[in-house]
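Each remark here refers to the structure printed beneath this line.
Treat the numbers as computed from the prediction; the structure is a model and nothing was measured. FYI, side chains are in, hydrogens and waters are out, and symmetry mates aren't considered; it's all heavy atoms of this structure.
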Amino acid sequence: MSKIVLIHGAWHNGKCWDAVARLLKEKGHEVMALTLPGNGPNDSKNVKYADYVSYVAESLNSQKDKVIVVGHSSAGHVMQMAIPLAKEKVEKIIFNNAWILPDGKAQFDFVPDEIKSMMRAMAVERGDGAIPIDPKFVRGLLATQADEEQFDALMNILVTQPLVIMETSIDSKAFEKLDIPMVLLYCTKDMSVPPGAFLGMFKVLGDNPVVEVECDHEGLFTNPSAYTKGLLECIAL
């Protein structure tokens, strides 16, 4: 069985993977869920984008054997930067509705002006450079299929997000040269971006396989059984 390294997106942390990690372990896989700098419950928000990259690269390079890396949402572009620094340790890359960016671009380059202006204003108001959690944003765009119990549980886990993850332009040239198998776990009920946007980002990387699951953007949390079933299919490819 493989070792799976799970990497969360913005506002999330390693705890968001708890249900998926348990289901993967039941199937015999070893699992490690990372928490990016600044996203731990008591972390300082004074982080740089390079801190994300170095943390992920060091975590991968510390592995004894090759691993499968799974990245959700904003983890996509962090992986684009980090995996070339640890390519000898990566067996397969699985993107899950992930922001895969062109060279020289930041995530905010593809976010509507009104949304990024609001997020920047909230981060300034907080005074620590972090975007707070907006329940309406989570309910309306991310966890659209969550019942009330799931929604409350998710809101208790999410943390304020250092703005730097949204504003930093990436250098994707080294990633584009990698020869590592890639798969998209595509949550088809995702309302966080225009229809097909995450699929289009992935297709830019080439003719790689896609596994579809009927989940929202938070499928790892709102429907972990369906999500993990799709993830296992990605792993088996």
Side-chain angles (χ1 to χ4, degrees), residues 7-13 16 35-39 45-53 56 70-82 95-146 151 154-155 157-173 175-176 184-205 215-222:
I7 308 177
H8 64 81
W11 295 286
H12 293 61
N13 52 55
C16 295
T35 293
L36 297 177
N39 285 57
K45 303 301 174 177
N46 183 26
V47 298
K48 300 177 181 178
Y49 194 93
D51 296 328
Y52 302 138
V53 175
V56 172
V70 181
H72 173 241
S73 197
S74 297
H77 53 83
V78 176
M79 288 161 57
Q80 284 178 274
M81 291 285 283
F95 291 107
N96 169 225
N97 289 44
W99 289 87
I100 301 167
L101 301 179
D103 185 57
K105 295 295 185 179
Q107 187 170 328
F108 261 0
D109 289 328
F110 302 93
V111 173
D113 288 342
E114 62 271 21
I115 294 179
K116 60 187 175 188
S117 295
M118 176 188 67
M119 289 183 176
R120 283 170 173 151
M122 290 191 295
V124 169
E125 184 177 353
R126 276 186 54 87
D128 63 356
I131 313 165
I133 314 300
D134 181 351
K136 292 181 180 179
F137 175 74
V138 177
R139 168 56 83 189
L141 293 176
L142 303 182
T144 56
Q145 295 186 315
F151 180 75
L154 179 61
M155 290 300 298
I157 293 174
L158 298 180
V159 298
T160 58
Q161 176 61 50
L163 190 61
V164 68
I165 202 170
M166 303 288 184
E167 294 194 310
T168 304
S169 300
I170 72 159
D171 181 347
S172 67
K173 292 187 288 294
F175 183 84
E176 292 164 5
L184 174 65
L185 177 61
Y186 185 44
C187 294
T188 60
K189 302 299 184 182
D190 194 334
M191 304 283 288
S192 67
V193 296
F198 286 128
L199 180 61
M201 293 180 203
F202 180 70
K203 287 298 185 181
V204 170
L205 300 177
C215 297
D216 60 19
H217 190 73
E218 299 295 325
L220 65 148
F221 196 87
T222 58

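Not counting sequence neighbours, Y186 has no partner by the side-chain hydrogen bond (donor to acceptor under 3.5 Å, both in side chains) test. With sequence neighbours left out, V193 forms a side chain to side chain contact (heavy atoms under 4.5 Å, CB included) with W99, A197, F198. Applying the side-chain hydrogen bond (donor to acceptor under 3.5 Å, both in side chains) criterion to H8, with sequence neighbours excluded, gives no partner residue. In this structure, the side chain to side chain contact (heavy atoms under 4.5 Å, CB included) partners of V159, at least two apart in sequence or on a different chain, are N13, N39, K45.
Counting only N and O atoms by type, the side chains of H217 and D190 include a donor and acceptor under 3.5 Å apart. Side-chain contact annotation: H12 with Q161, donor-acceptor N/O pair under 3.5 Å absent.
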Next item on the list: May I have the step-by-step check of side-chain contact (heavy atoms from CB on, under 4.5 Å) for I165 and Q107, ending in yes or no?
Entry: CA-CA 8 Å; I165 202 170; Q107 187 170 328; 5.5 Å; no
Note to self: Applying side-chain contact (heavy atoms from CB on, under 4.5 Å) to L205 and F95, what does each step give before you reach the verdict?
What the structure shows: CA-CA 11 Å; L205 300 177; F95 291 107; 3.7 Å; yes
Next item on the list: Apply side-chain contact (heavy atoms from CB on, under 4.5 Å) to the pair R126 and M122, showing each step before the final yes or no.
Entry: CA-CA 6 Å; R126 276 186 54 87; M122 290 191 295; 5.9 Å; no
Notebook entry, point to check: Taking it one step at a time, do F108 and M119 satisfy side-chain contact (heavy atoms from CB on, under 4.5 Å)?
Noted result: CA-CA 10 Å; F108 261 0; M119 289 183 176; 4.0 Å; yes
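When all heavy atoms of D103 and S172 are compared, the pair lying nearest together is OD1-N, 2.9 Å. Between A10 and M166 the shortest heavy-atom distance is CB-CE, 3.7 Å. Contact detail for N96 and C187: the closest heavy-atom pair is ND2-SG, 3.4 Å. When all heavy atoms of G76 and A98 are compared, the closest pair comes out as CA-CB, 3.8 Å. The minimum heavy-atom distance between L141 and M191, with the atom names listed, is CD2-O, 3.5 Å.
Considering only heavy atoms from C-beta on, I7 comes within 4.5 Å of V56 through its side chain. Q80 places a side-chain heavy atom less than 4.5 Å from the side chain of I100. Residues P112 and I115 form a side-chain contact, since some pair of their non-hydrogen atoms from C-beta on lies under 4.5 Å apart. Side-chain contact between W11 and V138: absent, with no pair of heavy atoms (C-beta onward) separated by less than 4.5 Å. Inter-residue side-chain proximity for C16 and L220 is flagged as met; some heavy-atom pair is nearer than 4.5 Å.
The aromatic rings of H77 and Y49 sit parallel, their planes meeting at an angle under 30°, below the 60° perpendicular limit.
To the nearest 0.5 Å, atoms CD1 (I157) and CD1 (I133) are separated by 11.5 Å. Rounding to the nearest 0.5 angstrom, the gap separating the CG atom in L36 from the OG atom in S74 is 9.5 Å. Atom CE of M118 and atom CD1 of I131 lie 9.0 Å apart (nearest 0.5 Å). Expressed to the nearest 0.5 Å, how far CZ of F221 lies from CG of L142 amounts to 13.0 Å. To the nearest 0.5 Å, the span separating CZ on F110 from CE on M201 amounts to 7.0 Å. Distance check: S192 OG to D216 CG gives 9.0 Å after rounding to the nearest 0.5 Å.
At least one donor-acceptor pair under 3.5 Å links the side chain of D51 to the backbone N or O of K48. Looking only at distances, no side-chain donor or acceptor of E167 sits under 3.5 Å from a matching main-chain atom of A106.
The salt bridge (Lys or Arg N to Asp or Glu O under 4.0 Å) pairs that include a residue from residues 136-145 are R139-E148, where partners are two or more places apart or lie in different chains. For residues 107-117, the set of pairs meeting the salt bridge (Lys or Arg N to Asp or Glu O under 4.0 Å) definition, not counting sequence neighbours, comprises D113-K116.
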